[in-house]
Structure formats: structure tokens, C-alpha cells
Amino acid sequence: MIFQVNAPRVVHETLDGETIIIDTENGFYYTAHGHASAIWRALSEGHSPELIRSAYQREGKQLPQPVLDDFVRQLGDANLIIPAGQLLSQSTWKAPADGADQLKTLEFECHEDMQGLIELDPIHEIDASQGWPFQTDETS
Amino acid sequence: MTLLTILDYMPTVQPLQRWLLEALICDDQQSRAAFEKWQHQVDFDTLDYSSYRLIPALFRKFADDPLCTTHHSRMKGIYRYFFYRNNMLAQQAHQAISALLESGIDLLIFKGLALGLRHYDKLALRPMGDVDVLIRPDDVQPAETILNQLGWRYRYEAEDKLVDWHSHDYINDSNNGFDLHWNALVESGGKDCDQAIWKRAETMVWLGQEVRLMRPEDLALMAIINGIRDKHLLWIYDLAVILKNTRAFNWQLLWEEAGQRQLRSQVLDALQVFSPFLPRHLDSRFLNKLLDSDPVLNHKRLERLIKENRTLALDADQRQSLETAGPVRRLTDALFNRPSTYMRLSSDPGTPKHIHCRLDNAGRIDGLYLHWQHLPRLRDLVYIDEDKLSALPSNVSGEGWLSIKPGTVTIREQVALQDYRAKITVKSEQTQLELSPGEPLRLTLQVENSSQCCWVVNEHSEKQYGVSGHLLDAEGTLLKWDLPREYFLKSIPAHIAFIAPGQRIDCRLDITGPTEPGSYTLQFDVVHEKVAWFSKRQPANEFPKISLEVTSNKQARIANDLPS
């Protein structure tokens with residue numbers, strides 16, 4: 001099956017190894033790191049989960065079917081991706097070569113209560129080692 | 001010699017801010033060197049608001065650079081913050097804009113959202129607190145109804161709406177802002193003043209909706225004027241992004257529009273501040289060409305510099321250029337000791353006066369350039385260590401340098417004055433005024449320093465002097481205390497600005513008819529910003545009041561109730 005980002009409701013961007021995804025309808029904020037970020041990009045470019053899994057195999061990495069299925073299900077349940085009506089990408093996709101050979105989990109976080117977070121001062125009221133939206137102990 | 005020296009509208013670009021802007025705007029090598037200097041020196045805990053709003057673009061540019069380590073997480077957090085905030089704001093604004101368009105309300109998107117959509121690569125790169133749209137003046141009421149239905153409510157207290165000059169600000173439950181403008185700029189009002197901007201607007205499709213945006217030259221003008229009024233520096237980067245992304249930017253069009261709005265002086269000042277960041281787009285030769293293309297502006301600048309005694313940089317030709325009489329007349333004037341135009345202007349008591357301060361490497365005053373007539377006032381303007389200072393010269397005329405032994409003369413701290421006294425005279429000829437709701441009006445005032453103290457503003461000081469007003473209802477109950485100010489004594493880099501006791505300064509005050517018809521009173525006042533209102537220090541009834549009646553059919557009369 002092929003998916004596409006549920007645009008324009010969902011906006012996303014990958015920068016500095018991290019993908020930020022926003023559901024502008026409910027305001028939920030998601031982040032994906034490492035392989036989760038790479039797989040999100042592959043899905044958003046129209047590559048099927050099967051193709052993604054094969055690409056990992058070609059790199060000598062194990063991406064267990066349940067791990068990938070669970071990730072795709074999470075994205076679907078959150079309405080971040082929807083089934084694509086037609087093949088969107090003809091290009092091949094290369095899995096990242098770095099990281100562990102056995103991928104046990106895909107790092108994917110969701111922040112639902114954004115009203116409080118958006119009112120934080122992103123310089124003084126956040127954990128300086130992580131940056132917004134991670135709060136300091138006093139503000140969290 | 002250039003007349004590009006009047007920069008009193010401009011916020012000063014501090015060294016850290018300059019490095020930040022260079023890092024963003026300049027070419028690769030200079031950009032990286034500037035970023036390195038900035039990130040070594042910056043203290044994020046005291047980061048100024050202007051710099052803060054430039055961080056997303058900085059992070060985008062340097063996220064992968066090994067230099068970007070010290071503040072990487074905080075910068076990334078600020079990027080995430082604006083990615084979230086801008087996209088949420090844009091989405092909610094899109095819904096409102098679509099509803100307005102579907103109901104037949106014509107609109108133009110401008111300021112942050114237009115820049116974010118049209119010129120910046122990503123919305124996150126252009127922080128914005130609200131979305132700004134321009135609508136036709138007749139559409140304000142129906143547009144407000146639609147916004148209300150979508151959950152946007154007027155941002156401030158209801159009485160503030162009475163004195164909105166050019167826009168109403170709305171907010172929704174997510175604290176996002178939506179500003180409805182019926183005039184693009186507060187500086188230039190009137191029903192048709194935005195006509196040309198409407199005509200040449202561009203269209204684009206945004207999330208399936210065809211929308212209209214101001215064209216790049218108009219966005220640039222808006223960025224400059226809003227930026228220098230609000231004293232932030234984001235406009236410098238906005239302008240750089242517009243210029244880099246616009247093939248054949250039409251400077252003539254921007255200059256013409258600025259001329260129509262009588263904003264050329266501000267634009268010229270802004271471009272002078274901007275030009276070092278992108279000298280290939282804008283050098284001083286080009287700026288002088290702009291100035292030369294407007295002889296009236298050129299003449300006004302020269303005259304103003306002389307009147308304000310900011311004459312250090314003027315050459316002999318410029319000092320002579322205002323003398324209209326021929327050589328014979330000049331000779332007879334000299335023989336009979338009649339003042340030249342230059343002398344007459346330089347001793348004009350109707351403007352603030354200035355003394356130029358020169359600092360040594362340690363930041364101490366080592367020279368003052370002044371018109372010698374101000375020598376007797378010097379002790380009111382600066383601290384003088386009398387033991388160290390040799391006698392001040394006397395019986396000198398004209399102007400020149402006073403050499404100072406460093407440490408002898410220091411800038412006087414601007415604290416509350418011992419005596420606050422001013423007299424305001426309304427000079428506008430029209431004594432029977434009629435105003436429609438929202439109609440702008442420029443009043444000419446004269447403010448006299450009727451105290452025994454010099455009013456002084458040092459460079460970089462926010463404690464400027466201005467004229468303002470308070471809005472009362474017809475019975476005298478206060479509706480709104482703080483109306484916009486017009487500063488008549490401003491801080492100017494490298495200068496001490498002052499108004500001596502007895503001096504009378506001509507200034508203007510822009511007011512606007514409250515948007516609700518009714519009877520009002522406007523009381524004028526003088527403010528020493530961040531220090532005192534004069535009406536709290538001297539009898540309030542010494543300040544003139546105008547009682548005004550605002551009606552939509554303009555039939556009401558406005559009685560003038562000025563004290564004798």
C-alpha cells in the first residue's frame with residue numbers, strides 16, 4: 001500500500017535529523033528521529049512500506065515487520081498519512097546506512113497539550129539542553 | 001559630502017545584531033565569520049527581541065555547521081517553536097481569509113504572511129505574531145462580522161477601538177492574531193491612499209485558494225516603515241530576502257510610492273542602514289542618486305541639519321548652497337553685518353539643537369563639536385569636572401571643536417527634571433473641525449519649554465520628549481490615556497539633543513476620529529517618555545483641550561476650547 005501525507009491538514013519538515021509534523025486541525029505536534037524520520041520521509045515521498053523494508057534489507061539491516069507496521073498504523077491512526085490513490089514516486093529509496101543493524105523501535109513522540117507549551121517563552125522557560133518544547137523542571 | 005546623515009528614525013544596530021544580520025545576509029565567507037563572532041559573544045538569556053526573531057533563519061542556515069554547537073539546542077527549539085506557531089496561525093488565518101473572500105470581501109495579504117508565503121523558503125523562517133490583511137475601508141464592518149463568527153474577537157478593550165487609526169486587531173482562543181487594515185500604514189491615511197497598491201497586487205494560489213498579495217516593492221516599503229516605527233530589525237532581513245528573490249526589483253516604484261506617502265526621508269534613512277549588508281544591491285552612490293532625484297527632500301535635509309546644528313559633516317559648498325542672494329548682496333550683507341541664510345537657520349529657535357560628541361578608544365568624550373552659542377548651556381547638558389577643565393572659551397561665534405581632556409566631561413544621566421513646565425499651542429488654522437469615524441487628521445502644534453530646565457536626550461536614550469493626547473468623553477471622563485506620541489526631541493547617535501528654556505518647537509500630531517460616533521474631548525499633553533507626563537507635574541488645565549463631535553455625516557461642529 002502507498003500512503004501520502006494528509007495535506008494540507010498536516011504540515012511537516014525535516015531539519016537537523018528530526019522530522020516535525022503538525023496536525024493543524026487538532027494542534028497536535030509530533031517528532032520523529034533517526035530511522036523514524038527517514039521512514040516518514042520515504043512514506044511522504046510515496047514509497048510503500050514493503051519497498052522501505054526491502055531497502056533496509058539491502059543495507060544489511062533488520063527492520064522487523066511488526067515494528068514498521070506499528071509505526072505506519074500509528075501514523076494512520078493519528079490521521080497524519082492517508083492511503084494514496086496512485087503511485088506517487090517512481091524513484092528508488094536508499095535506507096540510512098548508519099545505526100544499529102537490528103531496529104527494535106522507531107522513535108516517534110506526540111505532544112497533545114500544545115496550548116501550554118506555545119505560551120512558554122522558548123528561551124527562558126525551556127530545558128536549554130533540548131530546546132522548546134521541552135520544559136525545565138520548574139515549568140513542567 | 002553626502003546629506004545621508006539624518007538617522008533619527010532609525011533604531012541603532014548594535015554590534016551583536018550586526019553580526020547576526022551579516023551571518024544571515026552576507027556572502028558565505030563573511031557570513032560564517034560573522035556567525036562565529038555572534039555565537040561566541042551572544043548571551044541567550046539576554047537576547048533582544050529583534051535577534052530572537054531572526055534565530056529560525058539563522059538555525060536553518062547553520063544547523064549543520066560545526067560552529068553551531070554552543071547554542072544548537074536552544075536555536076533548534078526556537079525554530080521548532082516558530083514552525084509550529086506560524087503553521088497553526090497560517091492555517092487558522094487561511095480559514096478566515098477564505099471566508100472573507102467567499103463573502104465577496106476583497107483583500108490583500110501583506111507583512112509577515114505574505115513574506116513567508118512569497119519570499120521565504122519556509123513559513124517557520126519568518127516569525128509572526130499575527131496575520132495582516134488589507135481590506136477596503138467600506139468592508140470593515142462586514143469583515144468583522146465574519147471574523148466574529150469564526151471565533152476571532154477584538155484584541156483590546158472596547159474603548160481602544162475608538163482610536164484605532166488604520167486597523168483593528170483580533171485574536172482567537174489559540175491566542176493567534178488577525179489584523180484587519182483599512183489603510184496599509186498608520187503613517188498615511190485616507191480613503192484612496194492604497195489605491196496603487198491594490199492595482200498592482202499579485203495573485204497566488206495558497207492551499208487551493210487564490211489570494212492576492214502586495215507586490216515585492218510594496219512589501220519592502222511596508223517592511224521598512226513598520227520596522228523603523230516599531231524599532232525592530234527584522235525588516236533588514238526581510239528586505240534582503242525580498243531583494244534576493246525578486247528579479248529586477250523596481251526601486252523607482254518603491255521610491256514613487258514613498259514619495260506619494262511623504263515617507264522618502266524615512267526610506268532613505270532605512271536604506272542607508274541597510275546598504276552595508278548588501279552593497280551590491282544598494283551602494284551610497286545609488287542612495288545619493290535617490291536623494292538627488294528629489295531636490296525638495298535634498299533642500300529640506302540640508303536646512304534641517306543646519307537648523308538643528310548638526311553641521312559637522314557639511315562642506316563649504318553645502319553651507320553656501322542655501323544662500324539665494326547674489327555675490328553683491330552677500331557682500332553688502334557682510335558689510336552691514338546682516339545674517340546669512342546659514343546663520344539665520346543655525347540660530348532658529350524653532351527646532352531642537354545638537355552637540356556632536358566624539359569619543360576616544362576608551363569611550364570617553366574627547367571632543368565636542370558645537371555651535372558656540374550653546375557654550376553657556378554646556379553645564380546643563382553634561383557633567384563637567386570643573387577642577388580638570390580649563391576655562392571655556394568666550395566671545396567666540398560660529399561653530400567648531402572644543403577639545404576635551406578625557407574624563408573631564410561626561411554624559412549627564414537622564415533623571416526626572418526638577419521642573420516640568422510646557423505650554424502647548426494648537427497652531428492648526430482650522431478651528432472648526434469635522435471628523436468622520438476613523439478619519440485621520442494632522443494637527444500642527446507648538447510646544448514651549450516654559451521651565452527653567454533644559455530638556456535633554458542623549459544618544460540611545462528612550463527617554464525622549466513628545467506630544468500626545470488623552471481621549472475623554474464629552475463630560476470629561478477619561479476614555480483612553482495613552483494616545484500615540486509624536487516625539488519632537490529624539491535620541492540621535494553621537495549627539496546630545498536639547499531644547500533650552502524658552503525655546504518653542506513646532507511639531508505635528510496625527511490624530512484620528514474615534515470609530516464610534518459621539519462627543520469627545522481631546523486633551524493635549526507632553527510626555528517625557530518613561531519618566532513623566534507633564535500634566536501630572538503642572539496644572540492639567542494649562543493644557544489645551546478640543547471638544548469634538550464625530551458623526552458619519554460630518555454635520556457636527558467641533559468647538560475649539562483653547563485656553564487663552
Side-chain angles (χ1 to χ4, degrees), chain A residues 4-34 37 40 44 79-80 98 107-136 138-140, chain B residues 42-49 51-53 55-65 68-95 98 116-117 121-125 127 129 172-176 205-209:
Chain A
Q4 66 183 52
V5 175
N6 188 8
R9 169 176 165 173
V10 172
V11 291
H12 64 105
E13 185 179 342
T14 301
L15 180 64
D16 196 37
E18 173 182 294
T19 297
I20 307 168
I21 307 160
I22 304 172
D23 181 343
T24 59
E25 199 168 289
N26 57 24
F28 290 2
Y29 172 98
Y30 303 85
T31 51
H33 295 269
S37 169
W40 166 268
S44 69
N79 290 309
L80 302 181
D98 55 339
E107 241 186 299
F108 183 63
E109 285 176 68
C110 173
H111 299 268
E112 293 184 5
D113 179 20
M114 291 305 291
Q115 197 54 46
L117 292 175
I118 201 67
E119 282 166 13
L120 287 177
D121 172 348
I123 293 182
H124 302 103
E125 293 178 320
I126 50 97
D127 176 354
S129 66
Q130 297 189 84
W132 189 88
F134 300 97
Q135 297 165 265
T136 57
E138 298 91 68
T139 53
S140 57
Chain B
V42 70
D43 174 2
F44 255 74
D45 289 323
T46 57
L47 194 69
D48 63 277
Y49 186 61
S51 299
Y52 162 63
R53 295 177 79 196
I55 297 299
L58 193 72
F59 182 70
R60 179 96 198 165
K61 186 167 180 179
F62 291 98
D64 298 329
D65 193 304
C68 187
T69 50
T70 319
H71 307 293
H72 185 275
S73 299
R74 274 177 149 175
M75 289 169 65
K76 189 171 182 174
I78 294 168
Y79 186 90
R80 292 188 194 114
Y81 176 81
F82 281 111
F83 178 78
Y84 181 82
R85 189 173 155 174
N86 280 6
N87 277 292
M88 291 299 293
L89 170 59
Q91 198 73 15
Q92 289 165 11
H94 183 269
Q95 188 194 17
S98 298
L117 293 174
D121 290 339
K122 304 272 179 190
L123 267 182
L125 301 181
N172 65 7
D173 286 342
S174 310
N175 274 336
N176 284 322
V205 176
W206 175 39
L207 301 179
Q209 174 76 55

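Bear in mind the structure is a predicted one, so any value in this text is a computation, not a measurement. Here is how names work: the chains are called A, B, and so on, in the same order as the sequence lines, proteins then strands, and each is numbered from 1. Computed from heavy atoms alone, side chains included, the values below leave out hydrogens, waters and symmetry copies.
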With only heavy atoms counted, which part of B/D45 is less than 4.5 Å from chain A, the side chain, the backbone, both or neither?
->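 For B/D45, backbone and side chain are both near chain A.
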Which residues satisfy the salt bridge (Lys or Arg N to Asp or Glu O under 4.0 Å) test with B/D173, sequence neighbours excluded?
->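 B/D173: salt bridge (Lys or Arg N to Asp or Glu O under 4.0 Å) contacts with B/R153.
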Contacts of A/D121 meeting salt bridge (Lys or Arg N to Asp or Glu O under 4.0 Å) (sequence neighbours excluded), chain-then-number -> none
A/S129 versus chain B, heavy atoms under 4.5 Å apart: side chain, backbone, both or neither?
-> backbone
Between A/H12 and chain B, which part of the residue has a heavy atom less than 4.5 Å away: side chain, backbone, both or neither?
-> backbone
Heavy-atom pairs under 4.5 Å with chain B are the metric here; pick the option from A/I118, A/V11, A/T31 that has the most.
-> A/I118
Selection from A/G131, A/P8, A/P122 maximising heavy-atom pairs under 4.5 Å formed with chain B |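 Max contact count across the listed options: A/P122.
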Within a strict 4.5 Å, meaning less than it, do heavy atoms of the [X] and [Y] side chains meet?
{"X": "B/I55", "Y": "B/L47", "result": "yes"}
{"X": "A/E109", "Y": "A/H33", "result": "yes"}
{"X": "A/S37", "Y": "A/E18", "result": "no"}
{"X": "B/F83", "Y": "A/I22", "result": "yes"}

Please state whether the rings of A/H111 and A/F134 are parallel, tilted or perpendicular, taking 30° and 60° as the class boundaries.
-> perpendicular
Any salt bridge (charged side-chain N to carboxylate O under 4.0 Å, His left out) involving residues 4-13 of chain A? Give me the pairs, sequence neighbours left out, ordered by first then second residue.
-> A/R9-A/D23, A/R9-A/E25, A/E13-B/R60
Sort by residue number and list every member of residues 86-93 of chain B having a non-hydrogen atom under 4.5 Å from chain A.
->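 The residues closer than 4.5 Å to chain A, in numerical order, are B/N87, B/M88, B/Q91.
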Pick from B/M75, B/H94, B/H72 with the largest number of heavy-atom pairs that fall under 4.5 Å of chain A = B/H72
Any chance the rings of B/F82 and B/Y52 have centres within less than 6.0 Å?
-> yes
